[in-house]
Amino acid sequence: MASMSDLHDPLLRWYDDHARELPWRGPQASAWSVMVSEFMLQQTPVARVLPVHEAWLARWPTPADLAAEPVGEAVRAWGRLGYPRRALRLHAAAVAIVADHGGEVPSSYDDLRALSGIGDYTAAAIATFAFGRRHVVLDTNVRRVLARVVQGVELPAPAVTKAEREVAAELLPLDEPTAATWSIALMELGALVCTATRPRCEACPVRDACAWRAAGHPPYDGPPRKVQTWAGTDRQCRGRLLAVLRDDPGPVHRSRLDAAWTEEAQRVRCLAGLVADGLVVPAGPDTYALP
DNA sequence: AAAACGTGGTA
DNA sequence: TTACCAAGTTT
C-alpha cells in the first residue's frame, strides 16, 4: 500500500511543471468560462474545444449574454463539437442562472447540479476549478489513473463503483486549494501520460508507487467495452440533417434535408427526433430551421 | 441500468 | 481500414 506522500508530492510537483496553459485555467478565467469549457469537454477532446470556446466567450462573455439569444444561435455556434444537445442545455442553464442566481454562476455543488446538462462530474468540476471548493472529481482520466495506480488494473469498470468513489475520497487532500490542484493534476496526468492506449509510464511521476506497473502491466480483463457503431446509424443521420440547418443562415426547404440522407424512413424518423429534442423547429409547411 | 447521443483524430 | 477513444448526461 502506497503512502499518501508517495503519490501527492510527486504528482503535485509534476503538475506544476507540466500543466498545459488553457484559457479556462488560472485565476483570470471566469466561472462562466470554466462552465462553458466543462460543457464542451464532455466527451470532446481539448484540441477541438479550444477554438469554439474562445469564440463562445468572445460573443457571450456572461451567462446573461447567452440567455438573451435564441437557443438556435447556441446550436449554430456549437459547430461540429458533437452532441449538440449540450448547446441546448448550456443555453437553458444560462437562462436559469439569470432567473435564479442573479446572472452569476452558482458556486455550490447542489446549485450547479440542479442546472441542465450538469451531472455529478461537471458539478464537482465547476465547484472545484471555478470556486476552489473541495469535491471528489471523478472523470474518465481520474478513474483510469486511480484504477492503475491504486487498484493495479489497466482500466476501470464500465460504470463508477462505490469502491472507486471511496478511494478517490480518501486520496483527496483536506486542504481546499490543494484538493483542487490534486484533482486537476490527476486529470492532467491521465490526459498526457497515463493515457488509455500506450501510456508513457517512463515519464510518469508516480510510476514507483503504481500498482499496475508493479504487477507487470496486466491487460484489461473486465467485461467487454461496447464500441459505438457509426455508419448508417440514427446518430449519423441526425448529424447530417442538423449540419444542413447549421450551415445555412435561414430556414431550409425539406428538399435540402432529403438530399442529405437518402433512406427516407430513417430520415423522417430522425428529423422528428430532432424536432422532439428541440434542436430543430418547423418553420413553415415545408421548411425547417434551428430553434 | 442500459442505451442513446456527434464528431474527428490516431494507430 | 476498422477500432478505439475523448474533462458525461439523460431517460
Side-chain angles (χ1 to χ4, degrees), chain A residues 19-20 22-25 29 33-53 75 78-90 92-93 112-130 135-146 154-161 168 180 183-192 194-199 219-220 223-247 260-261 266 269-270 273-274 276-280:
Chain A
R20 291 167 292 180
L22 299 172
W24 47 84
R25 278 188 190 163
S33 175
V34 173
M35 176 170 161
V36 171
S37 80
E38 291 300 343
F39 271 74
M40 292 182 172
L41 288 165
Q42 292 168 359
Q43 300 285 279
T44 303
V46 167
R48 287 178 38 217
V49 165
L50 247 14
V52 184
H53 179 273
V75 173
W78 197 256
R80 307 187 68 78
L81 284 183
Y83 292 147
R85 284 190 289 200
R86 290 181 292 168
L88 251 31
R89 293 174 181 148
L90 180 53
L112 288 163
R113 186 66 182 76
L115 296 172
S116 77
I118 297 189
D120 179 61
Y121 161 75
T122 303
I126 297 172
T128 298
F129 304 139
H135 291 281
V136 170
V137 178
L138 211 50
D139 79 324
T140 188
N141 288 305
V142 175
R143 294 189 64 214
R144 186 176 56 251
V145 171
L146 295 183
E154 183 184 19
L155 297 170
V160 178
T161 64
S183 291
I184 196 65
L186 231 29
M187 290 173 66
E188 194 77 337
L189 186 71
L192 300 181
C194 195
T195 49
T197 60
R198 303 191 48 141
Y220 176 76
R225 323 168 78 222
K226 53 174 174 278
V227 179
Q228 278 188 12
T229 54
W230 176 244
T233 60
D234 282 7
R235 209 177 293 198
Q236 182 186 29
C237 179
R238 288 167 55 106
R240 288 270 183 82
L241 296 177
L242 196 59
V244 172
L245 281 294
R246 203 171 48 219
D247 297 342
W261 195 264
Q266 186 177 27
R269 167 162 44 86
C270 287
L274 288 167
D277 289 344
L279 282 163
V280 173

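In what follows, every chain begins at residue 1, and chains take the letters A, B, ... in the order their sequences are listed.
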Give [X] one of three labels, base, sugar-phosphate or nothing, depending on what nucleic acid heavy atoms sit under 4.0 Å from its own.
| X | answer |
| --- | --- |
| A/Arg20 | base |
| A/Asp120 | sugar-phosphate |
| A/Trp78 | nothing |
| A/Ser37 | nothing |
| A/Gly82 | base |
| A/Leu22 | base |

What's the [atom1]-[atom2] distance between [X] and [N], to the nearest Å?
| X | N | atom1 | atom2 | result |
| --- | --- | --- | --- | --- |
| A/Leu88 | C/dT9 | CG | P | 17 Å |
| A/Arg86 | C/dA7 | CZ | C1' | 10 Å |
| A/Gln266 | B/dC5 | CD | P | 10 Å |
| A/Leu279 | B/dA4 | CG | C1' | 13 Å |
| A/Trp230 | B/dG6 | CH2 | P | 8 Å |
| A/Leu81 | C/dG8 | CG | C1' | 14 Å |
| A/Gln42 | C/dA7 | CD | P | 12 Å |
| A/Arg143 | C/dG8 | CZ | C1' | 11 Å |

Here's a test for you: under side-chain contact (heavy atoms from CB on, under 4.5 Å), which of [options] qualifies with [X]?
| X | options | result |
| --- | --- | --- |
| A/Ile126 | A/Arg113, A/His135, A/Glu38 | A/Glu38 |
| A/Ser183 | A/Leu138, A/Asn141, A/Val137 | A/Val137 |
| A/Gln42 | A/Thr122, A/Asp139, A/Val49 | A/Thr122 |

Which listed nucleotide ([options]) is nearest to the side chain of [X]?
| X | options | value |
| --- | --- | --- |
| A/Arg80 | B/dG6, B/dG8, C/dG8 | B/dG8 |
| A/Arg85 | B/dT7, B/dC5, C/dA7 | B/dC5 |
| A/Arg89 | C/dA7, C/dT10, B/dG6 | C/dT10 |
| A/Asp234 | C/dT9, B/dT7, B/dC5 | B/dC5 |

**OP:** Kindly say if A/Thr122 contacts the phosphate of C/dT9, meaning a side-chain N or O under 4.0 Å from OP1 or OP2.
**Re:** yes
Original post:
If you round to the nearest 0.5 Å, how far is OH of A/Tyr83 from CZ of A/Arg238?
Top reply: 11.0 Å
Original post:
Rounded to the nearest 0.5 Å, what separation is found between the CG atom of A/Leu115 and the CE atom of A/Met35?
Top reply: 5.5 Å
Any protein N or O atoms within reach of nucleotides 3-6 of chain C? Criterion: under 3.5 Å, listing atom names and distances.
| residue | atom | partner | partner atom | Å |
| --- | --- | --- | --- | --- |
| C/dC5 | OP1 | A/Arg225 | NH1 | 3.4 |
| C/dC5 | OP2 | A/Arg225 | NH1 | 3.1 |
| C/dA6 | OP1 | A/Arg144 | NH1 | 3.1 |

Original post:
What distance, rounded to whole Å, do you find between the two C1' atoms, one in C/dA7 and one in B/dA2?
Top reply: 23 Å
Original post:
Between C/dT11 and B/dG6, how far is it from one P atom to the other, in whole Å?
Top reply: 14 Å
Subject >> 5′-ward residue of the pair A/Arg198/A/Ala243 relative to DNA chain B >> reply: A/Ala243
**OP:** Determine yes or no for a side-chain-to-main-chain donor-acceptor pair under 3.5 angstrom, with A/Glu188 supplying the side chain and A/Ile184 the backbone.
**Re:** no
Subject >> Main-chain N/O of A/Ala243 paired to A/Arg80 side chain as donor or acceptor, under 3.5 Å >> reply: no
Original post:
Among side-chain atoms of A/Gln43 and A/Arg86, is any donor-acceptor pair under 3.5 angstrom?
Top reply: no
